[in-house]
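Encoded as structure tokens, the structure appears first; notes follow it.
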There are 2 protein chains.
Amino acid sequence: MSDLEAVSLRLEARGYRVTPPRRAVIAAVLQQAGHFSVEDLLHRCRGAGRATVFRTIRLLTELGVVCRVLLDDGSLHYRLSHRPQHHHHLVCTGCGKVQDLDDCAVSDLVRELSGSSGYEIEGHWLEFYGHCSACRSEVLAGVSS
Amino acid sequence: MSDLEAVSLRLEARGYRVTPPRRAVIAAVLQQAGHFSVEDLLHRCRGAGRATVFRTIRLLTELGVVCRVLLDDGSLHYRLSHRPQHHHHLVCTGCGKVQDLDDCAVSDLVRELSGSSGYEIEGHWLEFYGHCSACRSEVLAGVSS
DNA sequence: TCAGACATGATACCTCGTCTCAGTGAGACA
DNA sequence: TGTCTCACTGAGACGAGGTATCATGTCTGA
């Protein structure tokens with residue numbers, strides 16, 4: 001079963017119809033290698049309207065098919081989520097590559113914080129920014145030349 | 001020395017002029033108890049123009065006088081920073097109260113991640129969301145009544 | 001005094017996202 | 001088969017939040 005079919009089935013299981021514009025958006029999302037903005041999708045899905053693309057992305061976010069990535073300049077991008085469960089991102093500020101971090105090491109901190117602060121902590125947002133090994137070696141090569 | 005004077009001195013030390021509109025924005029920021037949007041400041045500084053308020057907030061962010069707070073609905077607010085150094089926030093989604101977390105417990109995780117991922121990690125963004133003790137007791141009172 | 005740098009407010013503009021609304025089409029049902 | 005309902009659609013208006021531009025004002029140092 002292709003990814004497109006799998007996502008379509010998940011939509012149908014929730015009672016949503018899988019229409020041609022939605023298929024176009026899902027296909028465009030599945031083609032994206034890294035993170036992308038809604039504007040990128042709008043360019044790829046010329047047939048689908050602006051509102052439809054936004055609506056479909058919101059649907060896919062609810063389904064856990066895509067997840068939101070906060071870049072270090074504050075802009076919000078999306079990314080195909082290979083992990084429907086809670087996870088974090090490691091974003092390369094050089095090439096834009098994003099890596100998933102599946103073990104949430106903050107959960108211990110959350111427990112500790114719940115005790116000390118009196119808050120009932122329901123969620124958190126954690127993103128790491130840095131340079132991947134490829135970008136680091138490029139920078140070093142640039143300096144030495 | 002008042003807070004207003006202290007911030008003014010920091011601006012001057014960086015070579016910026018302390019003009020009446022800037023003083024008005026700084027005073028408005030210092031009066032804010034919790035987090036605020038630029039729109040809130042615009043209401044409080046009727047004399048200063050929209051662009052000036054945005055420019056001054058950007059300046060104050062650079063100086064570390066205010067810091068950005070990402071709310072759980074994705075909107076960006078600002079907050080008077082009592083800790084110029086790196087810190088995190090604990091945001092109450094009920095009343096909007098924000099608490100600073102000064103010990104960055106992610107630094108161990110950053111070191112560990114640098115080794116395992118090959119990334120040179122330069123920054124991270126961490127916000128916690130939950131309900132403060134006051135909001136929790138309100139909810140409980142509402143349920144029991 | 002004067003030139004140049006800096007700061008200003010007004011306003012146009014941009015980006016990103018939501019809302020509204022009339023039209024469309026798929027599916028249920030008589 | 002016809003009709004009815006309702007989810008879904010695209011177009012476009014709208015709003016929030018922020019930036020760019022520009023003429024003008026003000027400060028500073030020579």
Side-chain angles (χ1 to χ4, degrees), chain A residues 4 7-29 32 35-63 65-79 96, chain B residues 4 7-29 32 35-63 65-79 96:
Chain A
L4 181 57
V7 174
S8 302
L9 282 178
R10 281 169 70 180
L11 269 179
E12 279 172 348
R14 290 276 202 111
Y16 297 110
R17 292 188 198 152
V18 182
T19 60
R22 285 191 176 160
R23 285 185 82 88
V25 174
I26 296 168
V29 165
Q32 302 285 342
H35 55 91
F36 53 88
S37 64
V38 179
E39 218 58 29
D40 297 335
L41 288 189
L42 279 168
H43 282 108
R44 281 177 172 269
C45 312
R46 292 242 180 248
R50 195 175 153 72
T52 303
V53 172
F54 273 104
R55 279 187 285 241
T56 308
I57 277 293
R58 195 168 50 195
L59 255 184
L60 295 179
T61 310
E62 279 172 24
L63 281 177
V65 175
V66 300
C67 55
R68 303 196 301 175
V69 180
L70 183 73
L71 300 192
D72 63 340
D73 63 355
S75 66
L76 195 62
H77 274 216
Y78 295 88
R79 168 177 165 77
Chain B
L4 181 56
V7 174
S8 301
L9 283 178
R10 282 168 73 179
L11 268 179
E12 281 173 348
R14 290 276 204 108
Y16 297 110
R17 292 184 198 155
V18 182
T19 60
R22 284 189 176 163
R23 286 185 82 87
V25 174
I26 296 168
V29 165
Q32 302 285 341
H35 55 92
F36 52 88
S37 64
V38 179
E39 217 58 29
D40 297 334
L41 289 188
L42 280 168
H43 281 110
R44 281 176 172 269
C45 313
R46 293 241 180 248
R50 191 175 155 70
T52 303
V53 172
F54 273 104
R55 278 188 286 241
T56 309
I57 277 293
R58 195 167 50 198
L59 255 184
L60 295 178
T61 309
E62 279 171 26
L63 282 177
V65 175
V66 301
C67 55
R68 303 195 301 175
V69 180
L70 183 71
L71 300 191
D72 64 339
D73 63 354
S75 66
L76 196 61
H77 273 216
Y78 296 87
R79 169 178 165 76

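Here is how names work: the chains are called A, B, and so on, in the same order as the sequence lines, proteins then strands, and each is numbered from 1. Keep in mind it's a predicted model, so treat the numbers as computed, not measured.
Rounded to whole Å, the distance from CG on A:Leu41 to C1' on C:dG17 is 14 Å. Here C:dT8 presents its P atom at 13 Å from CD1 of B:Ile57, a figure rounded to the nearest Å. A straight line from CG of A:Leu11 to P of C:dA26 spans 17 Å, rounded to a whole angstrom. One interatomic measurement links the two molecules: CG of B:Leu42 to P of C:dT8, which rounds to 14 Å at whole-angstrom precision. As rounded to whole Å, 12 Å separates atom P of C:dT8 from atom CZ of B:Arg58. When the C1' atom of D:dA16 is taken as reference, atom OH of B:Tyr78 falls 13 Å away, rounded to whole Å. Regarding B:Asp40, its CG atom lies at a distance of 13 Å from the C1' atom of D:dA16, rounded to whole Å. Put simply, CZ on A:Arg55 is 10 Å from P on D:dC8, counting in whole angstrom units.
Taking CZ of A:Arg22 as the start and CG of A:Leu60 as the end, the distance is 9.0 Å to the nearest 0.5 Å. Interatomic distance, A:Glu62 CD to A:Leu11 CG, rounded to the nearest 0.5 Å: 10.5 Å. Here B:Leu59 contributes atom CG and B:Tyr16 contributes atom OH; the two are 5.0 Å apart, rounded to the nearest 0.5 Å.
Between A:Ala51 and A:Val18, the one whose closest nucleotide on DNA chain D sits nearer the 5' end is A:Val18.
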Just do the side-chain contact (heavy atoms from CB on, under 4.5 Å) check on A:Glu39 and A:His77 with the steps written out, would you? CA-CA 10 Å; A:Glu39 218 58 29; A:His77 274 216; over 6 Å; no

Please determine whether side-chain contact (heavy atoms from CB on, under 4.5 Å) holds for the pair B:Val25 and B:Arg55, giving the CA-CA distance in whole Å, both sets of side-chain angles, and the decisive distance to 0.1 Å. CA-CA 10 Å; B:Val25 174; B:Arg55 278 188 286 241; over 6 Å; no

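In this structure, the nucleotide among C:dG25, C:dC6, C:dT8 sitting nearest to the side chain of B:Arg17 is C:dC6. Among D:dA7, D:dG17, C:dG17, the nucleotide with an atom closest to any side-chain atom of B:Phe54 is D:dG17. Across D:dT9, C:dT8, C:dG17, the shortest atom-to-atom separation from the side chain of A:Leu76 is found for C:dG17. Nearest to the side-chain atoms of A:Thr19 among the listed nucleotides D:dT9, C:dA7, C:dT11 stands D:dT9. Here the side chain of B:Glu39 is nearest to one of D:dT19, D:dT9, D:dG17, namely D:dG17.
Checked by distance alone, A:Arg50 brings no side-chain donor or acceptor within 3.5 Å of a matching partner on the base of D:dG12.
Taking side-chain N and O atoms only, A:Arg22 has no distance below 4.0 Å to OP1 or OP2 of D:dA7.
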